[in-house]
Amino acid sequence: MLLQYIANGIAIGMAYAIVALGYSIVFGILRLLNFSHAAVYAFSANMILVFMGWHFGIWGAVAVSIVATGLLAVCVNQFALKPLRKKNSDKVANLITTVGASYIIQNLMVMYLGSERKTFPFFYDFGVSIDIGFYTITSAQISMFVIAGLLLVFLTLIIRKTKVGLAMRGIEQNPLAANLMGINVEWIIAIAFFMGGASAAVGGALIGGYYQLAYPSMGVMVGNKAFASAVLGGLGVLHGAAIGGLIVGVLECLIIGYLGASYRDGIAFVLLIITLIIKPAGLFGKKNITKV
Amino acid sequence: MKEKTMNLSNAFKSFLAFCDRWKAVIIPLLIAVAAILPQLGFSTYIIRLMCNILIYTSVGMALNLLVGYTGLVSLGNVAFFCIGAYTSAILTANCGWNFFATLPIVALTASLGGVMVGLPTLRLSGPFLSITALGFAEVIRLIAMNFMSLTNGPLGIRSIPRPNLFGLELNLFNKGFYYALLVLVLLITLFIYLLTNSKYGRALRAIKNDEIAAGLMGIRTGSYKVMAFVICSALSGIVGAFYASMIQYIEPNSFTQDNSILTLSVVVVGGMGTLRGPYLGAIILVLLPELLRGAEGLRFVIYGLALVLMMRFRPQGILGWKSPLPYKLPSPPRDAGKR
Amino acid sequence: MPLLDVNNISISFGGLAAVSGFSFHVEEGEIVSIIGPNGAGKTTVFNMLTGVYKPDAGSIKFDGVECNGLAPQEIVKLGIARTFQNIRLYKDMRVIENVIVGMHINQKYGFFDMLLRTKKFRTCEYESAKRAQQILEMVGLSQHTHDYAKNLPYGEQRKLEIARAIATSAKLLILDEPAAGMNTGESESLMHFIRTLKDKGFTILLIEHDMNVVMNISDRIYVLNYGKKIAEGLPEEIVSDPQVITAYLGVTKEGKDAAGD
């Protein structure tokens, strides 16, 4: 059974990882915990259902939702956070603003889509499963792993190899200097939000399909797990988010297997709190030296 | 144009000076109004709303100590509220204790929770603290959900008795409950006032302004942050006990993140780090959704908008001005003056 | 016995030695300066003295007590207080409150004194406010008593930092670039002020880039470069020290010869 739980955990953990990326990318650039990310994630899965209602077909709906969710994340930045940066507001104001934005998004969905749980298609299940001895890996788990893995590699390549990625790392080091070097900082920040939102949408499609459920407040639990993954791996470090996601996913499945489902949602937090106490910068994060 | 704003700020200053001079009259007057209000023949619905306002003022006041004075943005205040509500509900409904006798226990259990969040956060800054508190609140809710033998799990605790003062049941019909809450909110206000106008309050504000500089001036920043957590959690727990006794039925889902966010909004909208802020914040945020009774999600959209708009246009809160009046120097202690 | 006796302190960040084997001492009543080019490790030395960083090796003795490894709060209690290179006032608090916060460790009333507003509490608060006013008078900020710290002009903010450090009842004041950003007139008056502090019995340890200030008020000077002490002595000895000239002006032909001696 142990191997079975681990296999399940790796599949769901990869999905957590790509939602976690959104926290990590934005934190890397702005040193801001974007609490609205969870609601953005929930938006993606709910919009897939809306677009399917408009006869986009599942794959079309997913594609459109990825773009729409990316744009929503950009909107949060443009309308809520950018004005604060212009005013040079303090960090607390930014934090509270993202909390507010998350409530607006989530509850507008409740108002227009209803708060009830809706069935989500298990669209990437090809009905195949591979038996290896006494445990089974479904094709859905494999697709989940592959899709999420490809996205991770793709985003890592963008950040490591492209000009945009270089600009992002430049801003991370010193926004003012990056600006003076001719980098359009606001534009790069917008791109980062788009990347975060779009990858959350991929996560939304995968996780929505996995549990075959979508509802407006679905972001609360997964968002928090993704957040725990990002912090566990080290915020701002992409491979950290991936490994954090895997750890959270596997542990969660082990808990479900051995202790029962009722405690599974608590594990992410317990893990998060322990990490923050023992290694506040996360497993792969850089330690900050206090500057006086 | 500029002259106009000058005039306005001067008018404001003299208004504040006036309030300050007559505060020995104005404050008792306001309390008297609050005391007479429920006697004007309002329906139970209105009395319940007024009680809600007092509850969120009190818990906002407690959270304000953390968020407004110390600069620790806790997103999980409902944890303490929940611990307090359950402690009191279990002791009154299941063990037959008098409500008021449970309050010291409530303060104890809730502040234990405060220590549990406060200690790890010593090593954390800003947003990490917020998320730890949020996570803690979620863990508390899960415990309430799964610890069947103590909390009755998702079924919740029913028929929680109302407070009983020397044989008199304080409920919404005889308005006794309202007066109990009024006394509570005034006591909490007085307590925060005394605390913040002392070396303790100065230390907290110094930590908010610059934690490193505070530490290097000899303030034990860690102990003070834990102190702020303990006081906030104990007070929130006590308010939670009143809340349980008001709605008489609690279940784990009465204590979700939404409650923490509402409390935070009360503090932010009214004015962080002020005594007056939570009163206005609670009045606005409790009444607004009632006036706009509409779709299910609307009230939370309003809370969200309130947070975003306040941060953008008036981050200090509606009543969050810094006093332009001179600093009040302490007067010499009476005996010392005679000498 | 020197008031402050620092022996062979070293610290490195991520394998990079920021300060290595630095020793110095300050006698009671002296004004001692530490100078050196940017990034020489001066502020790091101050951070070790005040407990922000723990030195990897070495000892720091203040008044005969070993301070290496003590928390910043303990060090303040022993009698060392500092100012900051980048001003770190409590900006949203009043000027007088900033000073009273400095007295925190000497305000000895307890929680119940505060709640019940006992005589002990009232006396203590009254005395503190009175003393804060005296300190503000002394540094020349009394006209700003009621202002909010962030509304003070830059030079006055530096003075307020010194006032706050004095309020801790420190014997040793550590001033980190007090004249930074001041014009000649302001730094002249600052110099005068630091001398009056010395006359009042304070011992002063100073980091400063303004050579005019350093040469005029220092009793002794230590020069740091790349985390190592390259010279020490009286101001007149330092000005003519070839190594110091090299460190500040870069290696010139003459400098190279001189350094080679």
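Protein chains get the first letters and strands the later ones, always in sequence-line order, with residue 1 at the start of each. Model, not experiment: these values are computed from the prediction.
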Donor-acceptor pair, distance only, cut-off 3.5 Å: does the side chain of [X] make one with the backbone of [Y]?
| X | Y | value |
| --- | --- | --- |
| B/K199 | C/Q107 | yes |
| C/Y90 | B/R202 | no |
| B/N209 | C/D92 | yes |

Structural part of [X] lying under 4.5 Å from a heavy atom of chain B:
| X | value |
| --- | --- |
| C/L115 | both |
| C/K91 | both |
| C/F121 | side chain |
| C/E161 | neither |
| C/R117 | side chain |
| C/L89 | backbone |
| C/K120 | neither |
| C/T50 | both |

Region of [X] in contact with chain C, defined by heavy-atom distances below 4.5 Å:
| X | result |
| --- | --- |
| B/L325 | backbone |
| B/S223 | neither |
| B/I219 | both |

Open item on the list: Restricting to non-hydrogen atoms, name the atom on B/G218 and the atom on C/V76 that form the minimum distance, rounded to 0.1 Å.
Closed with: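 In terms of heavy atoms, the two residues are closest at N-CG2, 3.6 Å.
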Task: Mutual orientation of the aromatic rings belonging to B/Y200 and C/Y109 [parallel < 30°, tilted 30-60°, perpendicular > 60°] - done: perpendicular
Task: Distance, nearest 0.5 Å, that separates NE2 of C/H104 from CZ of B/R220 - done: 9.0 Å
Task: Value rounded to 0.5 Å, distance of CG in B/L216 from CD1 in C/I174 - done: 10.0 Å
- [ ] Specify which of B/G215, B/S331, B/P326, B/A214 makes the most heavy-atom pairs with chain C at under 4.5 Å.
- [x] B/P326
- [ ] Using a cut-off of under 4.5 Å on heavy-atom pairs, state which of B/A203, B/P324, B/S198 scores highest against chain C.
- [x]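 Most heavy-atom pairs within the cutoff with chain C belong to B/S198.
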Open item on the list: Using a 4.5 angstrom heavy-atom cutoff, name the option from C/R94, C/E74, C/E97 with the most pairs to chain B.
Closed with: C/R94
